[in-house]
Each structure stands twice: as C-alpha cells, then as structure tokens.
Q: 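Below: one structure in structure tokens.
Every chain is numbered from 1, with letters handed out A, B, ... down the list of sequences.
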Amino acid sequence: MNEQLKAILEALIFISQEPLTLNKIKEVLEEVPEDELQAALEALLADYAADSRGIQVIQSAGGYLFTTKPEHDQWIRRLLQIEKKTKLSSAALETLSIIAYHQPITQAEISAIRGVDSTYCLKTLLQKKLIKIVGRKKAPGNPLVYRTSERFLQYFGLNSLEDLPREEEIAKILEEEKQAIS
Amino acid sequence: MNEQLKAILEALIFISQEPLTLNKIKEVLEEVPEDELQAALEALLADYAADSRGIQVIQSAGGYLFTTKPEHDQWIRRLLQIEKKTKLSSAALETLSIIAYHQPITQAEISAIRGVDSTYCLKTLLQKKLIKIVGRKKAPGNPLVYRTSERFLQYFGLNSLEDLPREEEIAKILEEEKQAIS
Amino acid sequence: MEQEIQELPESQVLTPGSPVSNDGYQVRLEIFEGPLDLLLFLIRKKKIDIHDIPIAVITRDYLEYLERKEQINLDREAEFLLIAALLIYIKSQMLLPREQEALQADDPRQILVDRLLEFQKVKVACSLLREKEEDQLLRWKRTFLPPVARPEEAELLEVSLYDLAETFFLLMKKRERENLQVIRGKDVSVEEKMKEMVGYLKSRGSMDFLEYFSSQETLEEALVSFFCLLELVKNHLVVAVQEQLFQTIRVWLRRPRTQPHGHSHE
C-alpha cells in the first residue's frame, strides 16, 4: 500500500468543506491509477474506523468528509459556546420526507398528502437549501416542481437517494406497531 | 493513558478555528485533572508526529491547530481550484439572477441594480458559459448586451425562460405566514 | 418549549399509550400537524383497524376535538373542517340502505383509508429521518478553511457590499441594545485605523471581523473600523469572506498577484 498516497487523501478530505467525491479525487490525482486510489482510500477508512479516534470519515452525498463523533457533541458545544443545533419542525420534516419519496412533486400534491397547506414549509426548506425548484409541471397552471437537493443528502448523512429508508423497512415498522397495539 | 480523553482533544482541535490553547482546553474539560490532560495531549501529538499522516498538529500562537503538510501543497491547490470552478460566488449568482429576469441587459444596467461594479462577475459567468453576449445596444458607447445561454437552462433544468419562477410565485412562498404555527 | 409541543403528535403516533394519549382531554388541537394526524391519533387510541374504521365513532371523537376549541381559526383550521365534512359525508353514505353486499371498491371509506395509509407511511419515514438528523446534528463539520489554504485562491463566497452593510446594521442594532451609544471624545482617523487593521492582519493572518468590531472601545472606533473594512475591500487590499449569511466575516490580506492566474487545466 502506498503510504504517501494515503496521506495525500487524508489531507484532501481534511481540507474539503463538502463531501469529497471520488470523481474530484481522480481529477486532482489524475496521474494515479484508479485501483491504487481505491486501495489507499480503503486503507485510510480502515485507519479511521478505529474506536480511539476523535474524528471520523463519513460517506455522505457521494463523497467523503471528516466529522467529529456524536458522543463528543457536548464538549464541542462547550468549546464553541453554542447551543444544541435545532432540528427541523415536524411540519417541515413531514413536507421534506414527502418530497424525498415523491419527487418531482408540486406544492398542491404535497398539501394533498399532508392534508394541510404546505407553502410555509416550502419556504423554510428552500431557505435551508434542502430542496430546490427544478422547473414546472405540464398541468393546468403550470405549477412549480420541487426536488431534494445535494444538501438534503448531506443533512441526513445519506450517500444517495437510494439510501432513503425503503418501503419494506417502513412496512415492517408499521406491522410491528400494529402488533404492539393489539 | 486515557484513550477517550485523547479522542476528545482530537475532536476539539479539529473543530477549532483558532489555535486551541491549553487554557481553553482546561476551560472545556474543567473536570479533568491537568496532568491527565497533559498526558493525553502529548500522546495525541506523538500519534500525529508519525510520518505517514496527511495532517499535522502545529503549535501556533500558544495553541494547537491541525494543518496539512507543506509537501501536499500542490494537491491541495489543485483541489481548491476545482472546487472554485464548480461553485458560483454569491456575487455571480446575484448577477446571473438579474440577467435572467431582465435580459437583454447591459453591464451598466446590472451594476446599477446591484449597486456594485459587475464586470468581474460577468467574466466568471461568461467563462462558465451561463451567459452570452448577443450584440450591442444602440445607446451612447454602444455597450455589450447579455443574455442567459442554453447551458443556463440546462443547468437549472428549465425548458424555457418562461419556466423561471415568477415574481408573484416567489413572493407567495416567501410571504410570512399570517399566524405563527411554530 | 415550543419544540417539544411540536414533537408530541409524532411520538404519540409511534408510541401508543403515551402519557398524553391516556388523558385525552389534555391533548389540544394545536399539537396536531393536520387533520390526518388527528385522525391517526384517534384510530390508534381506540386500537382500531385502519381498514375497517367504525366511521360513526371516529366522526364523533373527531368532532369532539374540534368542539373543544372555543374559536375556529379559519386560516389555520379550515383543513380540519374539510376532513370533518368528509367524515360526515362518508357516514351518510354508510347509512344508505344497500341493495346488495357492497363491493369493497365501493366502500365509501376507501378514499379516506388510502389517504391515511399513505400518511402513515410518511410518519414512519419522518421518524426514521429524524433519527438520522439527530445523529448528524451531533457531528460537527469544519465550516472554515484550514490555515494552509490560501484564501485568495479559495474565495468561497465573496461577500457583497450588501451583505457587509446588512451585517453592519445588525451589529449596530445589537450595540444599541447593549446601551453603548455613548460616543466618547478621542478622534480616530481612518488612516490610523486602516494601518492598525492591516498590521493586525499581517501579524495574525486573518481576522474575525465581528469580533474585531465588538472589541473596539467606542462606537465611533467601531464605526471607523467598519468604513476601513469597506475601503480595504474596495481597493482590493483585503478579501472578505462570509461562509454563510449572518455568520462572521473573515478578512484576509490579499497577496499581490505576481503572475496572471493560470488555470491548471480547463
């Protein structure tokens, strides 16, 4: 294994503020054969998987990124003197998950599923850049159409939309809940 | 040696924007005896002194800070170049939005709306092929006239300029809700 | 504590028998995200099979919740009324004498059942995403450029003068609140301040402008430092970068370019 290459990868991921994709790595290190890159990357991930480290490499939005560990949250907040980060409101989360599973989707379609007008939630989500407008639907009134963004993936630590909890997983939870009630 | 303490120190140095001083560390970890802190810190420094790492701890301004190594400078610069290329600055985005909604438009008109000289932004947008020059205006000085390009439509997934969100639509989304639900 | 109230319905739906659902009268309409949320809650509470809803019972319970409100806010609660109307409509359909065994597809409840099933899935997806969110919110990412980066090559988001001005006015408001409106004598010249700022940047590499601004002794000095920053930016002597709106502004000295910037490959 190429130790020097591993060190370079570590430096590159360290410097990135957004998940560093394999494509970008290849662009930077275009001289290096891909299988060598892969091997070095895997070795680096293995190093960081060790329990004793204070930083981790996570895979998110199709790239690699350093983050601290959840269990160190309180110390970091003490250092930065920051309150707990705020979660999305239930209404915003509801709207967002409908968009995630039904995209591309219009405001009217979202509101129909929720049974409530969702305009205000769309504003919040647009401002947080968790969703984006991607055009118009060919339908009466030509309504705007929404999709989730890159930042959505990053926000939830998903590698791609494929990583969203699947139908079967949801069905299983519903089944378990039903059993619990009866 | 306290492995967990070492990990916390690693996380704290990682997230700190300024060199992290021992005083600051003591403040955050006030429950921990100073000699334990010292021992953990030294162990962490020893770990990072290993040659094979891509990140190093430097002591600067009386504190500790992670940086990359000078020998990796060329790769880091390449990466930053690439990242820069893929990102629009907020100034460029502002300029682009003005062109999108007010085309055809001249540099002077854009600068008048933005309140700042926009020559540099126009250059960036032209390089990224998001806008194009479509001729000159019949006005004193015959200034160049700009429009958005085909690529602009592709980039934002629009079929035509008609598909741009209309002012009323954005206004409706951005409008503050009458009653506070949150 | 607003947040906790917001999260109640979610936990009710997922953990039946929670303390709140035991004492129905403590549950206010406001805590439900919408009418479907309320309906699901009632169905859970009564341990009803969603595919076979006793529509008369549910309609009565549902209306009880609406009636508990002294005033119906039409903007906010119109959607609750809409579903109430649907429930009453379905109830009336169910009461009609049926000539033969109704086919399942003709069950007037079907439209409601479909919506509830879909909404139920959304709720579960929400709880799963919430777990992921909670995990991610506890992880900290760097949102600044480490010192090795050369800021003039990395220009993330260059701040517009508007951002600067906006930030400035926010600061002014904050200062006003802090009752620091006393402007003391001591003339501060723009030239001196500019020299001081450049000196600061030369010695420290970069500056957190908000911090610098607030550390000024008098409001006048703080004001002068702001105008100096504008001047320095305008003359391309420094670069000011704001990673996110309302975050601090970091300022670096701009290094004179020795060569026209060559793109490695384009």
Q: Taking everything shown except A:K85 itself, do over 12 heavy atoms lie less than 6.0 Å from its NZ?
A: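 Atom NZ in A:K85 is crowded, with more than 12 foreign heavy atoms closer than 6.0 Å.
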
Q: Quick one: of A:V145, A:T124, A:L20, A:L79, who has the most non-hydrogen atom pairs under 4.5 Å with chain B?
A: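 Most heavy-atom pairs within the cutoff with chain B belong to A:L79.
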
Q: Would A:K137 and A:E109 pass as an ion pair if we require N to O under 4.0 Å?
A: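 Yes.
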
Q: Quick check on the interface: out of A:G54, A:P143, A:G135, who has the most heavy-atom pairs with chain B under 4.5 Å?
A: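 If we count pairs closer than 4.5 Å to chain B, A:G54 comes out on top.
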
Q: Are there more than 12 heavy atoms of other residues, nucleotides or ligands under 6.0 Å from atom CZ of A:R166?
A: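 Atom CZ in A:R166 is not packed in, count stays at 12 or less.
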
Q: Which answer fits B:E71, side chain, backbone, both or neither, if we ask what part of it has an atom under 4.5 Å from a heavy atom of chain A?
A: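 Neither part; nothing is under 4.5 Å.
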
Q: Under 4.5 Å, counting heavy-atom pairs only, tell me which of B:I25, B:I8, B:L9 racks up the most with chain A.
A: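 With the most close heavy-atom pairs to chain A, the winner is B:I8.
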
Q: Salt-bridged, A:K24 to A:E30, with N to O below 4.0 Å?
A: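 A:E30 and A:K24: not salt-bridged.
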
Q: What residue in A:L80, A:N142, A:L29 has the most heavy-atom pairs under 4.5 Å with chain B?
A: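 Ranked by heavy-atom pairs under 4.5 Å with chain B, first place is A:L29.
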
Q: Can you say whether B:I13 sits under 4.5 Å from chain A via the side chain, the backbone, both, or neither, judging by heavy atoms?
A: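 The answer is neither part of B:I13.
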
Q: Considering heavy atoms only, which positions within residues 58-67 of chain A lie below 4.5 Å of chain B?
A: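 Against chain B, the residues of residues 58-67 of chain A that fall inside the cut-off (heavy atoms, under 4.5 Å) are A:F66, A:T67.
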
Q: Do B:L122 and B:L144 come within less than 4.5 Å of each other through their side chains, counting heavy atoms only?
A: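 They are not in side-chain contact.
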
Q: For A:R77, which residues count as a side-chain contact (heavy atoms from CB on, under 4.5 Å) partner, sequence neighbours excluded?
A: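 Partners of A:R77 under the side-chain contact (heavy atoms from CB on, under 4.5 Å) test: A:D73, A:Q74, A:K84, C:W140.
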
Q: Could you work out, with ring pair (Phe, Tyr, Trp, His ring centres under 6.0 Å) as the rule, every residue matching B:F152, not counting sequence neighbours?
A: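 If we apply the ring pair (Phe, Tyr, Trp, His ring centres under 6.0 Å) test to B:F152, skipping adjacent residues, the hits are B:F156.
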
Q: Which atom pairs, donor and acceptor, lie under 3.5 Å between side-chain atoms of residues 38-48 of chain A and protein residues at least two apart or in another chain?
A:
unit_1 : atom_1 : unit_2 : atom_2 : d
A:D47  : OD2    : A:K6   : NZ     : 2.7
A:Y48  : OH     : A:E10  : OE2    : 2.4
A:Y48  : OH     : B:R53  : NH2    : 2.9

Q: Strictly below 4.0 Å, N to O, side chains only: are A:R78 and B:E31 in salt-bridge contact?
A: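 Judged by the 4.0 Å cut-off on N to carboxylate O distance, A:R78 and B:E31 do form a salt bridge.
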
